[in-house]
Amino acid sequence: MTVGTTARLSRIGTDGRYLIVPMDHGITMGAVEGLKDIESTIDAITDAGADAVVTQKGIAPRVHPNKNGAGYVVHCNGSTEVGPDENDKRPTASVTDAIRAGADAVSFHINVGSTYEAEQLTELAELTSDAAEYGMPVLAMAYARGPGVDEHDPEALGHAVRLAEEVGADVVKTAYSGDAESFEHVVESTRLPVVIAGGSKGTDRETIEMVRGTVDAGGAGVSMGRSIFQHDDPAAITQAVAAVLHDDAAVDTALEEAGLTVEA
């Protein structure tokens with residue numbers, strides 16, 4: 001890892017922990033709640049403790065004035081939920097596009113086990129090679145998805161995160177396996193920092209328990225989108241997640257200090 005890569009990684013995390021909020025969903029879902037006024041959402045969550053945000057390159061002008069010094073990641077592929085197959089992610093940006101957009105890192109989504117795995121694997125490998133030329137970190141969003149694949153199986157997730165390391169990523173995001181004990185296998189499958197996706201929006205307690213389980217398993221943080229930007233109070237849930245990640249807070253403490261419901 002070059003000095004530049006290390007320096008840029010420090011801009012999207014804090015002391016090796018990552019609270020990243022992907023907000024690239026506009027290309028997938030349209031201008032949903034939380035993304036219409038993306039400026040206000042970015043301002044709220046970065047002020048509350050988010051380390052970095054992720055968008056497609058075209059949203060960069062709306063990000064920079066509102067991110068309160070947080071890091072910025074440009075996502076480099078995408079698809080729509082109204083198209084033939086949402087798993088068919090296609091390239092949307094290059095490393096040089098991301099540099100022009102003022103990014104501190106790039107990210108790329110791959111569905112390991114899907115019909116499109118081969119193309120996405122090739123594209124991710126090419127992106128990591130290009131990024132290395134510029135000292136640009138790569139966040140690989142590596143999911144276990146495809147016919148007959150259990151998206152939360154720790155063996156499948158372990159394979160996905162190892163694939164990300166094998167092709168040169170610097171940080172890897174994947175699904176949570178459901179509990180800290182099983183997620184240890186996922187974390188141990190790679191030397192990369194492993195962050196979890198938010199998954200489908202649950203209760204505040206479920207979200208924070210998932211973050212706590214990730215940390216207890218040795219995970220490096222979260223890359224959590226809709227569970228944060230579509231929350232009734234995005235700043236509060238960001239504060240609670242940050243308390244667990246950066247202050248090692250217990251679940252109840254994190255919820256209480258953020259003003260969220262503590263009851264189970």
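Across all their heavy atoms, Val187 and Gly218 have their closest contact at CG1-O, 3.6 Å. In terms of heavy-atom proximity, Gly26 sits nearest to Leu35 at N-CD1, 3.6 Å. Looking at every heavy atom in both residues, Ile38 comes nearest to Met23 through CG1-CE, 3.6 Å. Closest heavy-atom contact between Ala98 and Val74: CB-CB, 3.8 Å. Nearest approach of Ala140 to Ala169, heavy atoms of both residues: CB-CB, 3.7 Å. For the residue pair Ala180 and Ala217, the shortest heavy atom distance occurs at O-CB, 3.4 Å.
Put simply, CZ on Arg212 and OG1 on Thr207 are 15.0 Å apart, with the number rounded to the nearest 0.5 Å. In this structure, CD on Glu33 lies 10.0 Å from CZ on Phe229, to the nearest 0.5 angstrom. Here the CG-OG1 distance, from Asp85 to Thr80, works out to 10.0 Å after rounding to the nearest 0.5 Å. We find the CD1-CD distance between Ile110 and Glu119 to be 10.0 Å, quoted to the nearest 0.5 Å. Atoms CD and CG, on Glu209 and Asp216 in that order, are 11.0 Å from each other to the nearest 0.5 Å. To the nearest 0.5 Å, the span separating CD on Glu188 from NE2 on His185 amounts to 8.5 Å.
Counting heavy atoms from C-beta outward, Leu192 and Val161 have side chains that stay 4.5 Å or more apart. Side-chain contact between Leu260 and His231 is present, with at least one heavy-atom pair separated by less than 4.5 Å. In this structure, Ile237 and Ile208 have side chains that are in contact, with non-hydrogen atoms separated by less than 4.5 Å. At least one side-chain heavy atom of Tyr116 sits under 4.5 Å from a side-chain heavy atom of Asn87. Here the side chains of Ser107 and Lys173 are not in contact, with every heavy-atom distance at 4.5 Å or above. Contact check for Ile12 versus Asp51: no side-chain heavy atoms found under the 4.5 Å cut-off. Counting only heavy atoms from C-beta outward, the side chains of Val106 and Leu139 never approach each other to under 4.5 Å. A 4.5 Å side-chain heavy-atom check between Leu19 and Ile228 finds at least one atom pair inside the cut-off.
Between the side chains of Asp97 and Ser94, at least one donor N or O sits under 3.5 Å from an acceptor N or O. Counted by atom type alone, Tyr72 and Thr55 present one or more donor-acceptor pairs between their side chains at under 3.5 Å. Side-chain contact of Asp204 with Thr261: a donor-acceptor pair under 3.5 Å is absent, judged by distance alone. Using modelled atom types, one finds a donor on one side chain and an acceptor on the other under 3.5 Å when comparing His75 with Asn77.
The backbone N or O of Ala142 lies less than 3.5 Å from a partner atom in the side chain of Thr174, making a donor-acceptor pair. Within the 3.5 Å criterion, the main-chain N or O of Val186 finds no donor-acceptor partner in the side chain of Thr190. Proximity of a side-chain donor or acceptor of Lys89 to a complementary backbone N or O of His109 within less than 3.5 Å is not detected. Ser182 contributes no side-chain N or O that, together with a main-chain N or O of Pro154, makes up a donor-acceptor pair within less than 3.5 Å. In this structure, Asp247 contributes its side chain and Ala249 its backbone to no donor-acceptor pair below 3.5 Å. No donor-acceptor pair under 3.5 Å is formed between the side chain of Glu39 and the backbone N or O of Asn66. Thr214 places no side-chain N or O within 3.5 Å of a backbone atom of Gly219 that could act as its donor or acceptor partner. Under a 3.5 Å cut-off, the side chain of Thr28 and the backbone N or O of Ser79 do form a donor-acceptor pair. Put simply, the side chain of Asp233 gets close to the backbone of Ala236: a donor and an acceptor are under 3.5 Å apart. A distance-only check finds no donor-acceptor pair linking the side chain of Gln239 to the backbone of Ala235 [under 3.5 Å].
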Item to check | Full working for side chain to side chain contact (heavy atoms under 4.5 Å, CB included) between Met136 and Ile99 | outcome: CA-CA 9 Å; Met136 179 70 81; Ile99 291 170; 3.6 Å; yes

Next on the checklist: Under the criterion side chain to side chain contact (heavy atoms under 4.5 Å, CB included), I'd like the reasoning laid out for Ser114 against Gln120: C-alpha separation, chi angles, the key distance, then a yes or no.
Outcome noted: CA-CA 10 Å; Ser114 77; Gln120 291 169 0; 4.3 Å; yes

Item to check | Check against side chain to side chain contact (heavy atoms under 4.5 Å, CB included), Asp24 and Met29 | outcome: CA-CA 9 Å; Asp24 58 300; Met29 305 166 64; over 6 Å; no

Checklist entry - Can you list the steps and then say if Tyr18 with Leu245 is a side chain to side chain contact (heavy atoms under 4.5 Å, CB included)? => result CA-CA 8 Å; Tyr18 301 88; Leu245 289 181; over 6 Å; no

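Ring pair Phe183/Tyr176 is tilted by interplanar angle, where 30° to 60° counts as tilted.
No more than 12 heavy-atom neighbours from other residues, nucleotides or ligands sit within 6.0 angstrom of CD on Glu181. More than 12 heavy atoms of other residues, nucleotides or ligands lie within 6.0 Å of CZ in Arg8, so this atom counts as buried by the packing criterion. Within 6.0 Å of NE2 in His246 there are more than 12 heavy atoms belonging to other residues, nucleotides or ligands. Atom CD of Glu117 has more than 12 heavy atoms from other residues, nucleotides or ligands within 6.0 Å.
Looking at residues two or more places apart in sequence or on another chain, you find no side-chain hydrogen bond (donor to acceptor under 3.5 Å, both in side chains) involving Thr253. With sequence neighbours left out, the side-chain hydrogen bond (donor to acceptor under 3.5 Å, both in side chains) criterion links Asp150 to no other residue.
Residues Val54 and Val171 share a single hydrophobic cluster, defined by chaining ILVMFWY side chains whose heavy atoms lie under 4.5 Å apart. Transitive grouping of hydrophobic side chains (ILVMFWY, heavy atoms separated by less than 4.5 Å) keeps Met141 and Leu163 in distinct clusters. Residue Ile42 is grouped with residue Val241 when hydrophobic side chains (ILVMFWY) are merged at heavy-atom distances under 4.5 angstrom, including chains of intermediate members. Following chains of ILVMFWY side-chain contacts shorter than 4.5 Å, one can reach Met210 starting from Leu157, so the two form part of one hydrophobic cluster.
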